[in-house]
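Single-structure report; data block below.
A, B, ... follow the sequence lines: proteins, then strands. Residue 1 opens every chain.
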2 protein chains.
Amino acid sequence: MPQTSAPRKTLGRPPRISREEVVTTARRIVDAEGVHRLTMRRLATEIGSTPMALYHHVRNKEELLVLLLDDYATRTLQRPELPAQPRERVIATAATIHEALAACPWIVEVLTADDLMATSALWFVEQIVDGLIECGLPSERAVHGYRAIWYYTAGEIVVRATAARRRTDDTRPTYREQVFTDLDPTELPRLAQVADHWSSLTTEDTYLDGLRALVDGLLGPR
Amino acid sequence: MPQTSAPRKTLGRPPRISREEVVTTARRIVDAEGVHRLTMRRLATEIGSTPMALYHHVRNKEELLVLLLDDYATRTLQRPELPAQPRERVIATAATIHEALAACPWIVEVLTADDLMATSALWFVEQIVDGLIECGLPSERAVHGYRAIWYYTAGEIVVRATAARRRTDDTRPTYREQVFTDLDPTELPRLAQVADHWSSLTTEDTYLDGLRALVDGLLGPR
DNA sequence: ACCTGAACACCGTTCAAGT
DNA sequence: ACCTGAACACCGTTCAAGT
C-alpha cells in the first residue's frame, strides 16, 4: 500500500519524486530490457535523480521488486469468466495465473517467493481452494491441493524461463543435446529410444495436460 | 568431463591450479557460506591465486556453477533400491531426486536450468520414464509425464527455498501474514475460514502427497 | 522531509604483459 | 600454456551534509 496519497503531516521540502514514479519507471526499464538491467543507479538516472533519493521511497531493491510484482498483478490479472463445474473452475483459475506469469518471464526471479501472495492474486487462490472443497475435499486437503498446483505452476514457469534464457544467450549446443547424442542404449534404453524427439517433446506446451492430471489425482479416489 | 588427466600435448608453463581444484574450492565456499558468497575474486584468494587465473580453467562464472551442480549430483545422488512395482518406482525415484535437492538449497539458482541434466541424473530420468511406460503410457506421454513431475519437484524446491531465505533474513512479519490478518470474509470466505491454520498448513511437507496425486492423475483413466 | 555528493566495499571480465 | 597486475565498467548501500 503506497502512502503517496496520505496528507502531509509536517512541513518540509516538497517531494520531487514519488514512490509511484519509482515503480512506474522501474517497470518501464524491466519491460524494455529485462530485470537484470534494473539497477538502483540506472533507475535513478532514468528518473532524473540520484541513487540515494530512491531509498526515501523504497526500503531497498528487494522491496522495489516486490512492489513491481504487485503492480504487475494488479494491472494484468483479470478475473476470467469461470465455468460452473468446480473441477473446471480450478483448472481455469490455475491456467489464468499460469498465463499471466508466462507472459512475464522476468517475474520468476521475484516470484519464487513464498506464495503468490499479491493481494490481487488472493481471489485466484480463493477460487482454487473453493473449487477443491466443492469437489469434496476437506479444507486442509484443499489447501494442500492448492499448494501442489502452485508448485507445479511455478516450476513450469521457472524451468521454461531459464531454458529460454539459456537458449538466447548461448549459441553452442546445450549441455543436454551433448548428453543425448552419446547415450548408452544398454544402460539407458528408454532415453535412447526417445532421444531423437526429446527436444521436440519437451518444447511442447503440456502445462494443461499436467495440470489436469494433477487435479484428477488430487480429487480422484484414494 | 574434466580434462585434467589428459596428457599434456605441448610444453609450457606447468599449471599451478587445476579445474578440479577450482571446483572443489568453490564447493567448500558454497557449502560453508552459501552461493551468494561465491565470487570469482573470493575463490581466487581462497585458492591462493588471482581472479584471472580461474578463467584459464573455467569459461566464466556460469560454467563454474554448472560444474558445481554436476559435482554435487555425482557425489550425492545415490541410486536407491527401487520397488518392483513400476508406479512405486516412479514415486521412489522422484522422491530421491527431491530429497537430494532439498538438502542443498543453493542449488536452486543453478538448477532452474533447462532440465535436471547432469549426466549422473540421467539414470533417474530413465527410471521415471521407464516406470511410466511400464504402467502403460505411450513413450511420448511418459516423457511429458516426467516433465510434469520435474516441474512439480523443481517448483516445490524453489518455492520452499525462497520462503526459507525470506524467513531468515527478514524479521518483520511476512507480507503474507499481513495480508491474511485483514481478509474480508465476505469476499474471500474460504481463505478467511482457513486463515488461522494457513501457515501451519503450508509448512507441512506434502511433497509426497502431491507427487502421488500427480502420478495417479498421469496414469489414471481419462 | 527530502535530496545530494562523495565514499565504502564490493562485483565479473578484459587486456597486455610476463615467465 | 599458464599466470599476473592493472584497469574497465559497473554494483547496492551508508554517511554527512545541504535546502
Side-chain angles (χ1 to χ4, degrees), chain A residues 2-23 25-26 29-30 33-68 106 109-110 165-166 169-171, chain B residues 2-23 25-26 29-30 33-68 106 109-110 165-166 169-171:
Chain A
Q3 300 112 326
T4 29
S5 53
R8 300 178 47 70
K9 299 235 177 75
T10 50
L11 283 152
R13 188 170 174 166
R16 278 226 255 276
I17 59 178
S18 67
R19 187 184 178 120
E20 215 199 313
E21 193 183 354
V22 171
V23 174
T25 311
I29 296 173
V30 166
E33 310 181 35
V35 227
H36 68 283
R37 298 279 231 146
L38 177 66
T39 69
M40 299 303 265
R41 286 155 192 274
R42 169 76 193 281
L43 180 53
T45 48
E46 198 92 344
I47 223 170
S49 184
T50 64
M52 263 318 291
L54 303 177
Y55 286 87
H56 262 270
H57 302 273
V58 142
R59 186 191 297 259
N60 51 28
K61 196 181 179 181
E62 169 91 8
E63 188 183 80
L64 175 61
L65 289 172
V66 173
L67 289 172
L68 222 46
W106 62 266
E109 272 144 87
V110 193
R165 176 151 49 85
R166 294 264 155 110
D169 57 33
D170 210 337
T171 48
Chain B
Q3 299 113 327
T4 29
S5 52
R8 298 180 47 69
K9 300 233 176 76
T10 51
L11 284 152
R13 186 170 176 166
R16 277 227 257 275
I17 60 178
S18 67
R19 186 183 178 119
E20 214 198 313
E21 194 184 353
V22 171
V23 174
T25 312
I29 295 173
V30 166
E33 309 181 35
V35 227
H36 68 283
R37 297 280 231 148
L38 177 67
T39 70
M40 298 303 266
R41 287 155 191 273
R42 169 76 193 280
L43 180 53
T45 49
E46 198 91 343
I47 223 169
S49 185
T50 63
M52 264 318 291
L54 303 177
Y55 287 86
H56 263 270
H57 302 273
V58 143
R59 185 192 297 259
N60 50 29
K61 196 180 178 182
E62 169 93 9
E63 189 182 80
L64 174 60
L65 289 172
V66 174
L67 288 173
L68 221 46
W106 62 264
E109 272 144 88
V110 193
R165 176 150 52 82
R166 295 264 157 111
D169 58 33
D170 210 338
T171 47

(message) Using the rule given for salt bridge (charged side-chain N to carboxylate O under 4.0 Å, His left out), can you reason through R42(A) versus E33(A), listing the C-alpha separation, both sets of side-chain angles and the distance that settles it, and then say yes or no?
(response) CA-CA 12 Å; R42(A) 169 76 193 281; E33(A) 310 181 35; 2.8 Å; yes
[N] [atom2] sits how many Å from [X] [atom1], rounded?
X	N	atom1	atom2	answer
L54(A)	dT4(C)	CG	P	10 Å
R42(B)	dG12(C)	CZ	C1'	16 Å
L43(A)	dC11(D)	CG	C1'	14 Å
R41(B)	dC10(C)	CZ	P	11 Å
I29(A)	dC11(D)	CD1	P	11 Å
E21(B)	dC3(D)	CD	P	10 Å
H57(B)	dT4(D)	NE2	C1'	13 Å
M40(A)	dG5(C)	CE	C1'	17 Å

(request) State whether S49(B) places a side-chain N or O below 4.0 Å from either non-bridging phosphate oxygen (OP1 or OP2) of dT4(D). (result)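 So the side chain of S49(B) is within the cut-off, an N or O lying under 4.0 Å from OP1 or OP2 of dT4(D).
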(request) Could you tell me whether the side chain of M40(A) reaches within less than 4.5 Å of the side chain of L64(A), counting heavy atoms only? (result)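 When only atoms from C-beta onward are counted, M40(A) and L64(A) do touch, with a gap below 4.5 Å.
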(request) Find out whether L38(B) and L68(B) are in side-chain contact, i.e. whether some heavy atom of one side chain is under 4.5 Å from a heavy atom of the other. (result) yes
(request) Measure from the side-chain heavy atoms of P15(B) and tell me the nearest of dT13(D), dT13(C), dC2(D). (result)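 Nearest nucleotide to the side chain: dC2(D).
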(request) Can you figure out which of dT13(C), dC3(D), dC2(C) approaches the side chain of I17(B) most closely? (result) dC3(D)
(message) Show me, range against range, the stems involving DNA chain D, built from at least 3 consecutive Watson-Crick or G-U pairs below 3.5 Å.
(response) C:4-8 with D:12-16, C:12-16 with D:4-8
(message) I need the L54(A) CG to R19(A) CZ distance, nearest 0.5 Å.
(response) 12.5 Å
(message) Working to the nearest 0.5 angstrom, can you tell me the gap between R59(B) CZ and L67(B) CG?
(response) 11.0 Å
(message) Could you report the tightest heavy-atom contact between Y55(B) and N60(B), atom names first, then the distance?
(response)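 Looking at all heavy atoms of both residues, the shortest contact is CE2-CA, 4.0 Å.
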(message) If you compare all heavy atoms of H57(B) against all heavy atoms of I17(B), which two are closest, and at what distance to 0.1 Å?
(response) CE1-O, 2.8 Å
(request) With P as the reference atom in both, quote the distance from dA9(D) to dC10(C) in angstrom, rounded to an integer. (result) 22 Å
(request) Could you check M52(B) against T50(A) and say which one's nearest nucleotide on DNA chain C is further toward the 5' end? (result) T50(A)
